[in-house]
Amino acid sequence: VDFVDDLEDMTGDRDRKAAVLRRILKQACVVVKPQEVRRARAKAKKKGSARLPVTKAEMATLSYRMERDKQGMGLLEPLILDPNIEDISCSGTGPIFIEHKIFKSMKSTVGFDTAAELDTFVIQLSEKIGRPVTYRQPIVDATLLDGSRINLVYGEDVSKRGSNFTIRKFSAEPLSMIQLVEFGGLTYEMAAYLSLAMAYGMNCFISGETASGKTTLLNAVTVFLHPSSKIVSIEDTPELQVPHPNWIREVVRGATGDD
């Protein structure tokens, strides 16, 4: 069965893409009663029918799996959709580890049994986000469609345990300066000093180790800038969320060719 034309129509929003996938599935399968499945499949095989007889439950499962794998993040989709999960880490074959807002570090029931399965997933995931990994470029930093940051490592050339990946979930609403103070990240005096520094155009440096809250603080500090200010940001991976309308958001371009 040829669905090339239908797949080429997969443009637009998520709902439209899901509708296209469901239409393809209905053309490829036909729903029959559970007690008639075996006989219907034997009959379809004998006649060379292009439509596969399935039960209603199997149809629902196929629909979910198709949308999950073709539109979403595959087996990671439940973890991506959970708003309480902050980080998703796969260190190699075996279970995937997560960082939960309430339960902290946890081992999930999702994982990869073989290195080949993990390699295939990493390749498909990198192609889906438009930054394919290769043996020449086995490490990729990119951003998912929802803004989450992802780091992909492919193969055993640069990783002793083989392919791995880490996803830092994107927060739709950044923390405010008041929230950072209430969480103990800094004092009201420190926040006031930063507001004065922004108001008087002073140069500031925000530095720290990985996952120390640099982007979180920078997002909170930008509200101290004048609403009509022109802001230009240049990021390796886009993470900033500036509330100002006059904001030019630029991204560093990687090396091309043999450079």
Side-chain angles (χ1 to χ4, degrees), residues 10 13-18 21-22 25 57-58 60-133 138-155 158-175 179 183 209-216 219 235-241:
M10 285 188 60
D13 58 18
R14 187 180 182 91
D15 292 337
R16 188 173 186 276
K17 293 179 180 178
L21 290 173
R22 287 193 294 268
L25 189 60
E58 290 173 335
T61 301
L62 288 172
S63 179
Y64 166 75
R65 291 291 294 269
M66 179 174 284
E67 290 185 39
R68 186 199 72 175
D69 295 342
K70 300 303 180 183
Q71 271 195 271
M73 298 284 291
L75 56 82
L76 297 181
E77 189 69 3
L79 305 180
I80 294 292
L81 295 178
D82 191 333
N84 290 318
I85 294 179
E86 297 180 324
D87 291 89
I88 302 171
S89 177
C90 173
S91 303
T93 54
I96 292 174
F97 293 87
I98 61 175
E99 189 70 26
H100 198 276
K101 289 181 179 180
I102 300 174
F103 304 109
K104 305 305 177 183
S105 182
M106 299 176 62
K107 181 172 67 174
S108 74
T109 57
V110 180
F112 301 93
D113 296 326
T114 64
E117 181 185 2
L118 177 56
D119 288 345
T120 300
F121 181 83
V122 168
I123 292 174
Q124 292 176 344
L125 183 58
S126 67
E127 292 176 347
K128 184 175 296 185
I129 61 179
R131 296 287 300 277
V133 292
I139 301 177
V140 167
D141 286 306
T143 305
L144 301 180
L145 295 178
D146 66 349
S148 300
R149 185 171 180 175
I150 182 170
N151 171 263
L152 294 167
V153 178
Y154 174 66
V158 292
S159 175
K160 292 298 182 181
R161 292 191 60 188
S163 299
N164 60 80
F165 59 85
T166 302
I167 299 176
R168 293 181 60 189
K169 296 280 292 294
F170 172 82
S171 177
E173 296 183 3
L175 296 176
Q179 288 176 306
F183 293 158
E209 61 183 5
T210 303
S212 61
K214 299 183 296 296
T215 303
T216 301
N219 279 328
E235 305 174 79
D236 182 39
T237 303
E239 293 181 290
L240 287 179
Q241 295 171 267

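The figures that follow rest on heavy atoms only: side chains count, while hydrogens, waters and symmetry mates do not. We're numbering straight along the sequence, starting at 1. Bear in mind the structure is a predicted one, so any value in this text is a computation, not a measurement.
- Under the 30°/60° scheme for interplanar angles, the aromatic rings of Phe165 and Phe112 are found to stand perpendicular.
- Contact check for Leu144 versus Ile129: side-chain heavy atoms found under the 4.5 Å cut-off.
- Closest approach of Ser159 to Val153, counting heavy atoms only: CB-CG1, 3.9 Å.
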Can you give me every donor-acceptor pair (side chain of residues 74-94, partner residue at least two apart or in another chain, under 3.5 Å) with its distance?
{"unit_1": "Glu77", "atom_1": "OE1", "unit_2": "Met73", "atom_2": "N", "d": "2.8"}
{"unit_1": "Glu77", "atom_1": "OE2", "unit_2": "Arg14", "atom_2": "NH2", "d": "3.3"}
{"unit_1": "Asp82", "atom_1": "OD1", "unit_2": "Asn84", "atom_2": "N", "d": "2.9"}

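- A distance of 6.0 Å separates OG in Ser148 from NZ in Lys169, rounded to the nearest 0.5 Å.
- When all heavy atoms of Gly111 and Glu117 are compared, the closest pair comes out as O-OE2, 4.5 Å.
- Thr166 and Asn151 share no side-chain donor-acceptor pair at under 3.5 Å.
- Of the options Val140, Thr143, Leu125, a side-chain contact (heavy atoms from CB on, under 4.5 Å) to Ile150 is made by Leu125 and by none of the others.
- The two residues Val133 and Pro138 come nearest to each other via the heavy atoms CG1-O, 4.2 Å.
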Report the C-alpha separation of Arg22 and Met66 in whole Å, then their side-chain angles, then the decisive distance to 0.1 Å, and conclude whether the side-chain contact (heavy atoms from CB on, under 4.5 Å) test is met.
CA-CA 8 Å; Arg22 287 193 294 268; Met66 179 174 284; over 6 Å; no
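- Heavy atoms only, all atoms of each residue included: Leu240 and Glu235 are closest at N-OE1, 3.0 Å.
- When all heavy atoms of Pro95 and Ser108 are compared, the closest pair comes out as CB-O, 3.7 Å.
- Between Asn219 and Pro174, the closest heavy-atom pair is CB-CB, 4.1 Å.
- The distance from the CG atom of Leu21 to the CZ atom of Arg68 is 13.5 Å, given to the nearest 0.5 Å.
- If you take CG on Leu25 and CZ on Arg65, they are separated by 12.5 Å, rounding to the nearest 0.5 Å.
- Other residues, nucleotides and ligands contribute more than 12 heavy atoms inside 6.0 Å of the NZ atom of Lys214.
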